[in-house]
Amino acid sequence: MNVELLLALVTGAALFGVGIYGALSQTNLVMIMMGVELILAAAMVNLVAFWRYLHPDAAAAQMFVLIVMTVMAIEMAVGFGVAIARFRARGSVEMEEAAELKG
Amino acid sequence: MSAQTFFIGFFGLAAVWFGVVVFRTHSMVRSALALLFSQTALGALFLSMQAEFLGVLQIMMMATEMSIMAIFMVMFMMDPGGLGEMDMTHQKRLSLAAGFVAFAAAVAAAVFVDWGPVAGVAPDAAQQTHDLGIELLGRSMLIFETAGVTILTAMIAATAVAMPAVKRIGNK
Amino acid sequence: MTTVLVLLLLLAAGTYLVAVLEAWTASGRFRLAGPVVAGIALLGREFIVPRKPDRIFFEVAPVLLLLSALLAAAVVPLTPDLIITDLATGALFINAALVYVLVALLMAGWGPNGAYAMIGGWRFLGQLIAYAMLIVMPITAVVMRAESLLTTRIVASQAGLWNIVYQPLGFMLFFVAAMALAFLPPFDLPTAKAELAGGVEAEYSGVRLAIFRLGRLALIVTLAAAAVVFYLGGWQGPWLPPWAWSAIKILAVCATMLLAGRAMPRVRDADLLHWCWILGIPLALLNIFLVGLLVLVLP
Amino acid sequence: MIAGARQGKLSGLRRLTALAMARDLRAFIVPGADIARAHGLDIEAAGMQVVASPRHASVLLVVGVIPPALREAAAVIYAQMMRPRALFVLGPDELDQLPEADIREDLSQQDLIRGVRRLRSAFAEGAFRPDVADFDAPVLHVRIQYTCPMHPEVVQDEPGSCPKCGMNLVAREAPATAGHTHADQPELIVDADTHATPAQDHAAQHGMNHDAPAEYTCPMHPEVVQNEPGSCPECGMNLELRETKGTKSHEDAGISPDSDHSSMDHNHMDHGDMAFMSMVGVTKDLPRSSDGLPMDWIDVPFGPFFPGLPGGLLLTLTLDGDTVAGSSVQTPGGNEELLQHSALDAGSFIERLAKVEPLAPVSYRLLACRATENAAGVEVPAATACARVGALERERIASHLGWLALFGQQTGFDWLQRCAASLQLKVQNAGIRQVLALKPDIAFLIKRLHRTPLLKSRTAGVGRLAPNAALRGPVARAAGIGNDARSTDPSYAALGFTPVCREGCDALARLQVRVEEITHGLALIVAAGAIELPAPINIGEASGAGEAAVETPRGVARLRLTLEKGRVTAAQLETPSTLHLALIDPLIKQLALGDALLAIGSLDLAPWEVRQ
């Protein structure tokens, strides 16, 4: 077992855990988005680590990371769009007050 | 311990620590910038794993992204300066447990899975960048283009959602 | 190691000359000893911490500004060998380092808990979203011609024809965006004296003010150096040695940047955003398209 | 030795920095650069650099007389400067809130230069002292209150928890009484025992005011506002209750100047004992921006010594981001009795009126002369009248050049600022030959101004005013109203005068009118052929009532007075800036900050001549 690979994977795991905690525990939409960003970041760490230590010749792995970055950007754009719309309508982006979003 | 191990450990620790700070601080701007520095540390981590292009890109992209995050934090939070030390969490116990379980499961997977043979050397940075370019504009072109179009769609959709509903409903 | 030291010394010298130039353009007085006197005086003056600051941000911001300028300077070659690190992603790295100017200003705006500084910081954020594209997209076109992100390779690619002739549109966009990034007049919205009493600088005093100003000057030199590398053929030129050509070109670009804005009123932030989105970005795309055509057509 | 020395022994390295400080003097001018220029002072030529923020200054330069209302603000500025700092007073003024002046000189350029020389040696020798006392003034004392970030109506003097939601109370400064350029002073003397001033009580009451007039508004269409509940005419949604803005701004005044990080305060009170803090509740009563988002507004003081505004003007802007949502203006004094309760003889009355407005002394001197002459029934010889026109026009040129310098400063147009300021200094006391010699320089300035890029886009459409009766002077003429007292003046008619008129009503039109008036003024001086300050004419023991109107650089000023046996017993003055001051609030609503300041600047206000 390679130490560096393990270190990177543990980093990814820790970020994943922190992200899960944040996404579940926060009441504010923006804070929840931060949690999701951390979860995605954890995925990126793992992808880079796998690329480097398992398949350094596969450029597709790096492309996968680019896609994750795109997803992060999309998440930000859509999240903030929704946040602004809700804030305009209700004056709040707190999840406890978003009862009607539960459907 | 090689330099690479040290740097991976160091930047990994930094990234996790800043990640924790995100949810520990009461000041919202600090929270956003902590996330920025967490992502920057990840960029440095990528650099120490010899993924030069990705590392630099990560460092660049996240700075703008998180700065924008900061202004939204100030807009949408009740107490952006954190002077009131108010608690803005719920289901804390459950979240902690979930976070911990996720961490433990991921670590267990990392430790117990047989990852197979580990490659010793990565191609040099110029070669990587070249390969990535060829990959993006060759085999993975469709995915790349899809991602581009998706982000454009997301931009337009987000703008449309966020714009004030001026006279849109009124004309029915 | 010696390269690093030599480059740092050169950067310091360049920064000093730019400081003299800036004082000259701002006040009309040419005093060679001015900056050193002002610097020493600031070292002896008191450093005031405003009430209820975000102390970490307040202290870190000037250092981060200086650091981001220095990091960007690390991949700029003065001669084929005089470069701290010739990164394979050099052109992208300059960008990445310079984005932290925004972070520094944001911190400097939020840190001191003052309204003027805060408005200045947010203003710069609003500005950056508009012109960040105008830095990245012209560089993309430069990279397309050089077929490499290496800064030394980019300079070498201009051996026959400098990029300022090859893609003049890109140069103009990059030049304007660089001035906005260094918040030089007429883009000095975050530090506007008569609108915000100095804006993000307003609450700094003593040593931290000296560092903040130093960082800003270093940023101007770095941006000028980047413009030289990307568009003015770097160290290339007849008769003189390479380092001399680099120095002359960098100083000339600095002087142009400093002088250009003094003869016109400050741009309104709404206008700046408007022009960047309506005019700047389409022009930058057109530039990429034209350069792409040229690269394909010319051998 | 200077009173504001920095703590420490003067030795070694410190001696070197002290020498550098003596070479590098950075001055913050009180009340403003415009006043300094009007007194004929060229600060930069004297070897000091002018800075925009007191934090960057080492010298507080006080020019002329500071009215009592502004002395507190001057003390705050002094407290914000970095040590070592010096107080340099030009003129005889005693400033009760500030320490004893380190250097005091008379009001003239030679004295200024001499003072700078003394200042340099004072810095070189006394920048550091082992024993320094902190600067202390009553205005710097701040009372700490504790308040709940969610329930601002909860205010107490002791720390504790909020009775409504149980949160920890946070400390904040009690609302200040006067506006300052910067609300946060570096040196704080916390004084918990100071009693609340009436103003603070007033603010506290407003925070609890349940009886504020209620408004109903649509959450989707903030422009829909009515006094009773119902549904929105645009989308049919139920209207929601909100309180009117009046209470909000009062209650805010305490916290906001330093854009407090906990600024999401509000005056919503009916949370009851909710365990969960509702953000809907927090934002419900926040004012809506023009884009419909409920945002936090902050009150930011600009002035009275703000670098981009006329000195002495205290403007408080309620900012919604970078946009101005509201404003309030104050001027120093202005209520002084012209006669100070006793009759003055005509000569001293004229001298007194000439001092009312430091920015246009000649106009007011002429006004007083004309009014007394009118009351006494004395006719002025045509040649004298003509020479007075020359002096008045010279002042108009100087004043407009001074305005151009302020305009250059506001827009960051350094060249214009420097050039216009130096021309103003040259013109304002020049004889007719010198004025004519300066003609090419002025023509060059104007030509260059016409060719300046971005100038149009910066000024066009900014500060648009509807033509109305309250406009005076260049502001009126830029709105197409030919309001000019000179049109009816026989001595002007003899010189072939026609008023300059522009349509447009915006900052650009005002700029053009002023620039054109500079050219016209030069032509009028040439036609008049002489410049002579209006001198009081001996009117003997005459009695009667008289009035006069003079077109000052800012518009027409009128004076009515009663003479009894050669003494002025009653006088009533009407000035253009008094009318223009009321224009500010509607003028700058919903403008971006930079545009708002430019719009105010384009009115060319003189706070000193405002009479209430």
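Proteins come first, then strands; the chains are lettered A, B, ... in the order of their sequence lines, and each starts at number 1. As the structure is a prediction and not an experimental result, all values here were calculated from the model.
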### Task
Could you tell me whether the side chain of B/Glu52 and the main chain of C/Leu87 form a donor-acceptor pair under 3.5 Å?
no
### Query
Do you know which two heavy atoms are closest between B/Ile59 and C/Tyr100, and how far apart they sit?
O-OH, 3.1 Å
### Task
Output the distance between atom CG (C/Leu102) and atom OG (B/Ser67), rounded to the nearest 0.5 Å.
4.0 Å
### Message
Heavy-atom count check: over 12 atoms from other residues, nucleotides or ligands less than 6.0 Å from C/Met144 CE?
### Response
yes
### Query
Of the backbone (N, CA, C, O) and the side chain (C-beta and beyond), which part of B/Leu33 lies under 4.5 Å from a heavy atom of chain C, both, or neither?
side chain
### Message
Quick check: under 4.5 Å, non-hydrogen atoms only, which of residues 124-157 of chain B neighbour chain C?
### Response
B/Ala125, B/Ala126, B/Thr129
### Task
Would you mind checking which part of C/Leu150 comes under 4.5 Å of any heavy atom in chain B, side chain (CB onward), backbone (N, CA, C, O), both or neither?
neither
### Task
Using a 4.5 Å cut-off on heavy atoms from C-beta on, say whether the side chain of B/Arg30 contacts that of C/Trp110.
no
### Query
Taking all non-hydrogen atoms of both residues, which atom of B/Phe53 and which atom of C/Leu92 are closest, and how far apart?
CE1-CD2, 3.7 Å
### Query
Should we say atom CH2 of C/Trp275 is surrounded by more than 12 heavy atoms from elsewhere, each under 6.0 Å from it?
yes
### Query
In terms of heavy-atom pairs under 4.5 Å with chain B, which of C/Leu149, C/Thr89, C/Val103 leads?
C/Thr89
